[in-house]
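So that the names make sense, note that chain A is the first sequence line, chain B the second, and so on, each numbered from 1. Just so it is clear, the values below take in all heavy atoms, side chains as well, and ignore hydrogens, waters and symmetry mates. Computed from a prediction, not measured in an experiment: that's the story for all the values here.
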Amino acid sequence: MSKKIVLIDGHSILNRAFFGIPDLTNGEGLHTNAVYGFLNILFRILEEEKPDYLTVAFDVHAPTFRHKMYEAYKGTRKPMAEELRQQVPVIKEVLQAMGVVIVEQEGYEADDILGTLAVQCEEEGLQVSLVSGDRDLLQLASERIKIRIPKTKRTGTEIEDYYAADVKEKYQVTPKEFIDVKALMGDTADNIPGVPGIGEKTATALIVSYGSIENAYAHVDEIKPPRAQNNLREHYEQAQMSKTLATIEVNAPIEYHLEEAALGDLFTPEAYVWLKKLEFKNMLSRFQVETPAVSMEQYFIEVTELSEAKQVFQEAGEAERIGFSLLADAEGAEPEGQMTLDSFLQNDREAAEKKAEGILGISLAFGKEKIFYLRAGEHMAGKWLVEQLLALLQKVKSAATFDLKSQLSWLSIPRELRNKISDVLISAYLINPLKSDYTYDDIAKEYLDLMIPSRIDLLGKLPLFQASLEKRKELFQYGAFLAAVPFQASEKLEQKLKDTGMQQLFWEIEMPLTYTLYEMEQEGVQVNGEALKSYGENLSEKIIELEREIYQEAGEEFNINSPKQLGVILFDKLKMPYGKKTKTGYSTAADVLEKLAGDYPLVSKILEYRQLTKLKSTYAEGLANYIEEDGRIRSTFHQTITATGRLSSAEPNLQNIPIRMELGRQIRKVFIPREGCVLIDADYSQIELRVLAHMSGDENLIGAYRKAQDIHRITASQVFHVPFEEVTSLQRRNAKAVNFGIVYGISSFGLSQDLSITKKEAAGYIESYFETYPGVKRFLDQLVKDAKEKGYVSTIFGRRRPVPELSSGNFMQRSFGERVAMNAPIQGTAADIIKIAMIRVNESLKDKGLRSRLILQVHDELLIEAWEEEMEQVEEILKQEMENAAVLSVQLEIDMKHGKDWYEAH
DNA sequence: TATATCACG
DNA sequence: ACGTACGTGATATAC
C-alpha cells in the first residue's frame, strides 16, 4: 500500500470556515469561529484518511482575499474582515503547537506551493489528498491526486472529492483542460481577464471540441457562435496570457522535506493549552486523559505532622509575600439539626469549633520551590492551622489567595490585615470582566503561561469532603495549586491593575466589598415559609381554573408551557396572525401575544397563565427550596460575573423578586425581619441618569436635576417644548422612555419598539432630546469614538469594559458594541457608587456598635434588617453613606421606607 | 445542553 | 440594507 499525504490550502479553508460558522468568541473576546471550523475539517479529514504525512500551505501575504474570495465577495477586493484577520496567526500557532508543518514561500501563492508539493509527492509514489475550498485546484486532479472540497452545510460539513475522472464527469473536461476553460471565461476575483463575451458555457463547449485554446485558435474559422469566433480571434493574446495566469505552478523552488511532514501526535501539551485558551471544550476530549506534565507539582510537599507544619509556618514567616488557601468542606459549615434562637445566640466559640470541623487543610506558597499543603487531621487541628495562618498573615507584607469570599467562613480576617490580602480571582475579573468564569488554572494559563490540571481534572465533581477520603493525593495537589497560583500570579496581576489604572478600584472598592458581601450572605433574609406556601396554593387554584378555560377555548388539551405546542394551537389551528418567528418556529413571547390579546380572550388567558406559573414555579416553589432550618434564605452574591461591574445574585436570585405587577409584588410580603427588627429599604433615585448628567457635563440636564423633582416631566417639558405644568402623562411617559433609552445606548428602533411608535417618530424624539441636551450627545459620541480607539470604556472609578465588538465587520455586532460603549460607563459607574455605599454602610453600622445589618443589594437599592431601637440611626447612616458615596455635579438622592415586610418597605 | 420565556434593575 | 434596546438568573421544554 502506498503512503498517503494530506495537503491543506490554509487560507482557503480558514476562509471557508469563517463564513460557514457563526461568529464565536472566547472569554477574552478573541474571535475563534474560523479556527474552530478549520480544526473540525482537519480532524475530520485526518480521521477519514489516516494519512502518513500532513502539510498546510499559506500565502505569505494575505491582506485581502482577492484571490480566494468566497462567492459573495467575489471581485470586491474588500480587505479581509478584521475578525478573520485576527485568526490567521492563531491557526498558524495552533498548527505549530500540534507539530504540523506549515509551508509559506515569498513570491508564491498557496496554490503554487500546493501544486508543486502535490506533483512532487505523486512522483514519489504517494497518494495525495489536496484539501481546498477553491475549485481552481481541480486542474491538479489526477489518478493519484484527489482534490477535496469541504462544503459547510446546515447538516454538517460535506466533502466533495475529485479525482481526474470526477472532474471530467462533472465539468466535461480533463483537469488540464479545466485551465483552458477558466482562461477563456476569465475570473475577476483572480484578476484573469479571459475573453470578452465568452462565459462558462461557450468556454466549456470550445474546450470539449478542441481540447485547448491553441487548438481552438487553429480552428478558429470553424467556431460556431460568430461572436465567440470574433472575440477569440481579437483577444487571442489575452487568452494566452489568461492561461498563464490560470495555470498553477508545479515546479516552484520550495524547500520541503517530506520526512518532516510525517504525522505525529497532534494532541501535544502545547496544543492543549491553545485549545483551552480558545475554549474549544469538545476538542479537548481528543486529548489523552492525563494532563500534560508540568514542573510546578514537583515542588509540592504534603505535610501531616505538627512538627513539620511548625517549621513551615516559621519559614513562611520570613517571607515578604505568600500565597495561601484554606480548603474546607462546604457541607461541614451547615448547621446540623434544628437551629433554635438559643443556639443562634450562643457564644461564637462553639460556632467557631463547629466550623473548624470542616477544615480539610491549608496551603501555603512562598517561593518557587516552597509550596506546601498542610493537611488537617489527628495531629493537626483545623483550628490550629487557622490560628497559625492568621499569625502568619500578621507577619508578612502581603498575601494572595484565590476566591477569598469562599474561605471567610473558616478564616475570619481582622480588619487590620485586610489591606494586604489580595484575591487573584477579583484582579483577573477586573482585568478582563468579559469571561464567564475564572478558575485558578485559567489564571495560570493566562498570566503564567502554565498548563495545570483544573479542579475537574483532579477531583471531578466530588465535593471536597469526599475527595479528602477518596482522592487524597489529588486534593493535596489541588490545594497546593490554590496557593501556588495566587503566589506566582498576584504580582503580575497587581502590576497589570496599576498599568490599567485600576489599583484603587481594586484595593478600595472590590477587596473591601468581598468582606461586606460575605457578611451579607451570612445574614441572609428571613422568609415566612407558611405565607409562601399559601401564596403558592392560592396560585395553584387559579392556574387550574385558567388551564381548564384555556383547554376549552382551544378545543383540546396541550402543554401551554411549550412554546412549540402553543404556537401550533394559536397560529396553525386557530389561524391567528403571527408576528415574529424564532429560529425554531413561531414566537409566542409576551409582546407578540399582547398584540393579539385584544382580539382573542384565549390569548389573554394564556398571558395570565404564564404569569401565574412563573410566580408559582420560580418564586413560590423556587424560593421555598432555599429556606434553611433557621427560616432564612441565603443567596450568593457574585462579584465576578457581570461585564459592567454590577453584582449578581444566585441560588436563589434575590435581585429579581417581582414588583411591577401587583400579584407578583405580593410575594414581597413573605420577606420579613427577624423578631424585634424592621426592614429598611433605600434606593437611589435615577442613579444612572444622574451619573449621565455628571459624566456628560450637560448643563441643561444638570440644571434640570437641580431645579426639579420630577426629571421625566422636566425632560418632557424641554423636549416637547411645553410648559412644565402642561406636560401630559403621555408626554411624560415618552420622555421617561427616552431617558431609559439614552442609558441603554439609544437606537430609534429600540425606542420605537418600547413605545409602540414608528421608527421615524422615535428618531424625532431622540433628535429633539439631543437638541435639548447637546452635551449628552457629545458625550455619547465621544464614548464611542474613544472606545473605538482604545478598545474599552471606563467608569469614573476606572473600571474597564473591553468592547471587542466595535472592530467587527458585522453591522449588527458593531452596533451592539456602540450601545455597550454608551451604556457600560453609566451602568458601571452606578455600580461602583453603590458598592462604595455598601462598604461604608456596613462599616458604619459596626463602628457605631449597631446590630442592624445589610442583607440585600438590588443594583440601586439596599435592604437592611434593623433593630427597632436602631431604626433612626440606621436611616441616618443609609442617607449619609448612600448620598455621599460619590460627589457628582448633581446630588445623589435616595428614597427610603421601612416596614414589617419587604412589600411595605419598598 | 440549548432555546424560549420572563422576573428584576 | 443590515435587525436591536443595557445588565442579569431561573424555569420548562425539546433536542
Side-chain angles (χ1 to χ4, degrees), chain A residues 281-282 433-434 436 558-567 580-593 606-607 609-623 625-626 635-638 641-661 663-665 667-668 683-684 686-688 692 737-738 740-755 759 762 766 793 801 803 805 808-828 830-831 834 856-861 906:
Chain A
K281 299 206 169 82
N282 56 348
L434 296 187
S436 53
F558 63 103
N559 188 340
I560 310 169
N561 281 322
S562 162
K564 199 177 161 188
Q565 294 182 37
L566 180 60
K580 286 185 293 189
K581 284 195 129 186
T582 64
K583 61 183 89 169
T584 48
Y586 305 110
S587 167
T588 66
D591 59 327
V592 175
L593 297 193
I606 287 165
L607 283 167
Y609 175 89
R610 281 239 180 107
Q611 239 182 39
L612 299 187
T613 51
K614 177 91 178 181
L615 291 173
K616 181 165 182 277
S617 61
T618 305
Y619 298 102
E621 291 166 359
L623 289 175
N625 292 329
Y626 286 99
S635 170
T636 305
F637 288 95
H638 291 287
I641 295 281
T642 73
T644 53
R646 276 189 175 181
L647 300 174
S648 85
S649 155
E651 294 182 311
N653 182 353
L654 293 183
Q655 291 182 323
N656 71 345
I657 303 301
I659 191 165
R660 293 174 188 167
M661 303 291 232
L663 181 64
R665 191 175 196 151
I667 205 166
R668 292 181 171 233
D683 68 295
Y684 280 111
Q686 298 132 3
I687 187 169
E688 291 184 344
L692 173 68
V738 178
F740 270 96
I742 295 288
V743 170
Y744 290 158
I746 195 102
S747 80
S748 51
F749 187 90
L751 183 64
S752 71
Q753 286 286 301
D754 190 50
L755 289 176
K759 217 170 111 173
I766 294 168
V793 288
R801 164 161 188 179
V803 196
E805 296 88 352
S808 170
N810 177 312
F811 173 86
M812 205 183 80
Q813 293 235 355
R814 207 173 47 247
S815 308
F816 173 73
E818 288 169 3
R819 293 195 294 271
V820 160
M822 295 187 258
N823 170 266
I826 302 170
Q827 192 184 115
I834 195 160
L856 287 182
Q857 186 252 40
V858 193
H859 309 307
D860 63 351
E861 167 190 0
H906 193 82

Just to be sure I understand the rule, does [X] reach a base, reach only the sugar-phosphate, or reach nothing, if contact means heavy atoms closer than 4.0 Å?
{"X": "A:Arg610", "answer": "sugar-phosphate"}
{"X": "A:Phe740", "answer": "nothing"}
{"X": "A:Arg801", "answer": "sugar-phosphate"}
{"X": "A:Ala831", "answer": "nothing"}
{"X": "A:Val743", "answer": "nothing"}
{"X": "A:Gln565", "answer": "sugar-phosphate"}
{"X": "A:Ala762", "answer": "nothing"}
{"X": "A:Ala830", "answer": "nothing"}
{"X": "A:Gln753", "answer": "nothing"}
{"X": "A:Asn810", "answer": "nothing"}

(request) For A:Ile641 and for A:Phe811, locate the closest nucleotide of DNA chain C by heavy-atom distance; then report the residue assigned to the nucleotide nearer the 5' terminus. (result) A:Phe811
(message) Taking any atom closer than 4.0 angstrom to a non-hydrogen atom of chain A, what span of DNA chain C does the protein reach, first nucleotide to last?
(response) C:dC2 to C:dC15
Is a side-chain N or O of [X] found less than 3.5 angstrom from the main chain of [Y], in a donor-acceptor match?
{"X": "A:Asn823", "Y": "A:Val743", "value": "yes"}
{"X": "A:Arg668", "Y": "A:Pro658", "value": "yes"}
{"X": "A:Arg814", "Y": "A:Ser808", "value": "yes"}
{"X": "A:Thr613", "Y": "A:Arg610", "value": "yes"}
{"X": "A:Gln655", "Y": "A:Gln857", "value": "yes"}

(request) Taking heavy atoms of chain A and a 4.0 Å limit, find me the 5'-most and 3'-most nucleotide of DNA chain B within that range. (result) B:dA4 to B:dG9
So, using salt bridge (Lys or Arg N to Asp or Glu O under 4.0 Å) as the criterion, who are the partners of [X] when residues are at least two apart?
{"X": "A:Lys580", "answer": "A:Asp591"}
{"X": "A:Glu621", "answer": "A:Lys616"}
{"X": "A:Arg646", "answer": "A:Glu688"}
{"X": "A:Glu861", "answer": "none"}

(request) Identify, with sequence neighbours excluded, every residue that meets ring pair (Phe, Tyr, Trp, His ring centres under 6.0 Å) alongside A:Phe637. (result) none
(message) I'd like to know if the side chain of A:Glu651 pairs up with that of A:Thr636 as donor and acceptor (distance under 3.5 Å, no hydrogens or angles considered).
(response) no
(message) Checking A:Ser635 against A:Ser649: is there a side-chain donor and acceptor pair closer than 3.5 Å?
(response) yes
Interatomic distance at [atom1], [N] relative to [M], whole Å:
{"N": "B:dA2", "M": "C:dA5", "atom1": "C1'", "answer": "24 Å"}
{"N": "B:dC6", "M": "C:dA1", "atom1": "C1'", "answer": "32 Å"}
{"N": "B:dA7", "M": "C:dC2", "atom1": "P", "answer": "31 Å"}

(message) With the threshold set at under 4.0 Å for non-hydrogen atoms, list the residues of residues 646-656 of chain A touching DNA chain B in residue-number order.
(response) A:Arg646, A:Gln655, A:Asn656
(request) Looking only at non-hydrogen atoms, find the nearest pair between A:Leu593 and A:Ile606 and report the distance. (result) CD1-CG2, 4.0 Å
(message) Let's test your reading of the pairing rules: Watson-Crick or G-U wobble, both distances under 3.5 Å, then write DNA chain C as a dot-bracket string with ( ), [ ], | and dots.
(response) .....|||||||||.
(message) Tell me whether the NZ or CZ atom of A:Lys581 lies within the 45° cone about the ring axis of A:Tyr586 and under 6.0 Å from its centre.
(response) yes
(message) Quick check on contacts: within residues 613-622 of chain A, what sits under 4.0 Å from DNA chain C by heavy-atom distance?
(response) A:Lys614, A:Ser617, A:Thr618, A:Gly622
(message) Which residues pass the side-chain hydrogen bond (donor to acceptor under 3.5 Å, both in side chains) test with A:Tyr744, not counting sequence neighbours?
(response) none
(request) Show your working on side-chain contact (heavy atoms from CB on, under 4.5 Å) between A:Ile667 and A:Leu615 and close with a plain yes or no. (result) CA-CA 9 Å; A:Ile667 205 166; A:Leu615 291 173; 5.6 Å; no
(request) Just jot down the side-chain contact (heavy atoms from CB on, under 4.5 Å) partners of A:Phe558, sequence neighbours excluded, or say none. (result) A:Ile550, A:Tyr551, A:Ala554, A:Ile560, A:Gln565, A:Leu566, A:Ile569
